[in-house]
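Each remark here refers to the structure printed beneath this line.
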Amino acid sequence: MIGNKLINTTFKISAKINLPIIARTLKIHEQFPDYINSLSKNLPPRTLLYVPGDSKKKLQKSTQFKCDLIAFDLEDAVIPEQRSIARKNVLEIVSKKSDIKFENPNQLIIRFNEVQKKEGKKDIEAFLRPEILSQNQFSGILLPKVENFEDIFLIEKKIKECKKKLKIYATFETAKGIVNIKEILESNGARHEMLRGLVFGAEDYSASIGCKRTPSGNELLFARSSIVLHAAAYGLESIDMVNIHFKDDSKLISESLDAVNLGFTGKSIIHPKQIQIVQNIFSPSKSEIDNAIELLRKFEANNKGVLDFHGISADVPVVKAAIRVLLRAQIDISKV
Ligand code: COA
Ligand code: MG
């Protein structure tokens, strides 16, 4: 009896002390549902590899690559005289009339020519037809040199007429494109429902504004940050420029780290040897993951607004950054 009384008393005391705290302690995934929902819809591609459409050899070879996204190119990787051959090669593949078989249509997009110009119109006519789209052999269109809301709107309209949905990636690579980003993404309150990501094209942009390329890359910073900023504001992916020094791994590594630091979700590439390097850099490392898990656990246990985390004042934005790392690593936050 005495024992029971003691147990009951102890229980009552601890219940009095603990209950309010338990009631207030939410798991991390319950504390930031909007933030988590805004990030976890799609895992963004880390790499976007260009494959010139006029090279059957490269088209064939690309079917083996473990790259997140592959763009069969009908535009600037192909000289004008070869554009119709490139179009024919790619058309044969996506209409299953070629001996080149692309296993994963989700991985495959096609870069059109400028949609308001002659070659771009031919691309639209060739690919955005019900007979082609109904075969579901590719999942998106990459648009070059986007400068107006209509450039994207026109493509969406054509896809809708075929009663289909595709991912659209828009490349910003001219002075006008960068200056107009917001108006291109939103016009009179209308937005593009199929737009998935914004891509930065450094070479055309440099030619457009007349800047000189320097090792620091300072001349590109405003445009690159504008892409990241607008992509984040509109819930889109952001894919950084190509590194044309494809034989120099150290340049690729530093440029990719810089892109991650700026906030890009992925990077354009041109050579298969760049795939693994870039994908590794855009994937959270083991130490980043361990660090994020430790932070979330301690923040939850601490149950205050701010935590001293190894000398860092960790508050909500720091916790959100840790959540982003774990989502990117495809870790279930509710189980952390
Ligand atoms: N897609 C598919 N395969 C590619 C490729 C690509 N982008 N780039 C190289 N390869 C293949 C080559 O055909 C070669 O195949 P093999 O081993 O069977 O002969 C292999 O990968 C190694 O290539 P390598 O010999 O080192 O390079 P290359 O001289 O053949 O090509 C480039 C160099 C830059 C011309 C080539 O990488 C390329 O065409 N890149 C795409 C450029 C582009 O699209 N630019 C426009 C977008 S900004
Ligand atoms: Mg370009």
Side-chain angles (χ1 to χ4, degrees), residues 45-80 82-83 85-87 89-90 93 98-104 107-117 119-120 123 138 140-147 151 168-178 181 184 197-211 213 220 223-224 227 238-249 251-252 255-256 259 264 266-279:
R46 298 160 296 179
T47 42
L48 162 58
L49 172 73
Y50 292 86
V51 183
D54 60 339
S55 167
K56 278 203 170 176
K57 183 179 173 223
K58 285 177 186 158
L59 291 168
Q60 171 69 63
K61 214 164 164 75
S62 73
T63 61
Q64 314 155 11
F65 298 154
K66 300 266 173 287
C67 179
D68 289 347
L69 214 51
I70 290 183
F72 284 172
D73 194 11
L74 307 177
E75 202 224 9
D76 280 354
V78 181
I79 54 166
Q82 290 281 98
R83 298 249 159 102
I85 296 204
R87 194 176 293 118
N89 289 342
V90 176
I93 296 172
S98 166
D99 44 3
I100 301 173
K101 309 279 175 224
F102 207 89
E103 294 288 326
N104 180 5
Q107 195 189 7
L108 183 60
I109 63 176
I110 302 171
R111 178 158 79 163
F112 280 7
N113 289 280
E114 284 169 79
V115 294
Q116 313 275 9
K117 297 203 173 150
E119 291 294 324
D123 297 334
F138 65 102
I141 305 290
L142 173 59
L143 300 175
K145 303 178 184 72
V146 171
E147 296 191 331
D151 293 344
I168 298 177
Y169 286 88
T171 314
F172 291 79
E173 50 187 341
T174 62
K176 205 171 163 198
I178 296 292
I181 300 182
I184 294 169
L198 312 183
V199 180
F200 179 56
E203 307 313 318
D204 276 299
Y205 173 76
S206 302
S208 165
I209 68 160
C211 67
R213 298 294 294 278
L220 304 178
R224 289 169 81 205
I227 297 279
S238 51
I239 302 185
D240 199 16
M241 59 199 188
V242 152
N243 185 306
I244 53 173
H245 305 277
F246 71 94
K247 294 193 173 156
D248 185 341
D249 289 353
K251 271 207 174 87
L252 179 68
E255 202 179 272
S256 303
F264 278 102
K267 184 168 173 63
S268 309
I269 54 174
I270 48 167
H271 193 283
K273 77 197 259 282
Q274 298 182 319
I275 298 173
Q276 207 47 58
I277 297 172
V278 175
Q279 289 193 175

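Just follow the structure's listing: the first ligand is 1, and inside any ligand the first atom is 1. Keep in mind it's a predicted model, so treat the numbers as computed, not measured.
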Checklist entry - What do you reckon, is NZ of Lys101 surrounded by more than 12 foreign heavy atoms closer than 6.0 Å? => result yes
Checklist entry - Picking from Leu69, Leu49, Ile70, what satisfies side chain to side chain contact (heavy atoms under 4.5 Å, CB included) with Gln107? => result Ile70
Item to check | Test: Arg83 and Asp76 ion pair at under 4.0 Å | outcome: yes
Checklist entry - Heavy atoms, side chains only, cut-off 4.5 Å: are Glu114 and Glu147 in contact? => result no
Next on the checklist: Tell me which pairs pass side-chain hydrogen bond (donor to acceptor under 3.5 Å, both in side chains) where either residue lies in residues 61-75, with sequence neighbours left out.
Outcome noted: Arg46-Asp68, Asp73-Arg111, Glu75-Arg111, Glu75-Lys145
Checklist outcome for this item: So the side-chain hydrogen bond (donor to acceptor under 3.5 Å, both in side chains) pairs with at least one residue in residues 198-210 (sequence neighbours excluded) are Glu203-Arg213
Next on the checklist: Using 0.5 Å steps for rounding, measure from the SG atom of Cys67 to the CD atom of Gln276.
Outcome noted: 10.0 Å
Contacts table for ligand 1: protein N or O within a distance under 3.5 Å of ligand N or O, distances only.
{"from": "ligand 1", "atom 1": "7 (N)", "to": "Tyr50", "atom 2": "O", "distance (Å)": "2.8"}
{"from": "ligand 1", "atom 1": "7 (N)", "to": "Ile270", "atom 2": "O", "distance (Å)": "2.8"}
{"from": "ligand 1", "atom 1": "18 (O)", "to": "Lys61", "atom 2": "NZ", "distance (Å)": "3.2"}
{"from": "ligand 1", "atom 1": "19 (O)", "to": "Lys57", "atom 2": "NZ", "distance (Å)": "2.7"}
{"from": "ligand 1", "atom 1": "23 (O)", "to": "His271", "atom 2": "NE2", "distance (Å)": "3.2"}
{"from": "ligand 1", "atom 1": "26 (O)", "to": "His271", "atom 2": "NE2", "distance (Å)": "2.7"}
{"from": "ligand 1", "atom 1": "27 (O)", "to": "His271", "atom 2": "NE2", "distance (Å)": "3.4"}
{"from": "ligand 1", "atom 1": "37 (O)", "to": "Ile270", "atom 2": "O", "distance (Å)": "3.2"}
{"from": "ligand 1", "atom 1": "39 (O)", "to": "Lys58", "atom 2": "NZ", "distance (Å)": "3.0"}
{"from": "ligand 1", "atom 1": "40 (N)", "to": "Ile270", "atom 2": "O", "distance (Å)": "2.8"}

Item to check | Qualifying residue for side chain to side chain contact (heavy atoms under 4.5 Å, CB included) with Pro52, from Lys57, Gln82, Lys58 | outcome: Lys58
Checklist entry - Around the Mg ion (ligand 2), what protein N, O or S atoms are found below 2.8 Å? => result Glu173 OE1, Asp204 OD2
Checklist entry - Going by the angle between their ring planes, with limits at 30° and 60°, are Phe72 and Phe102 parallel, tilted or perpendicular? => result perpendicular
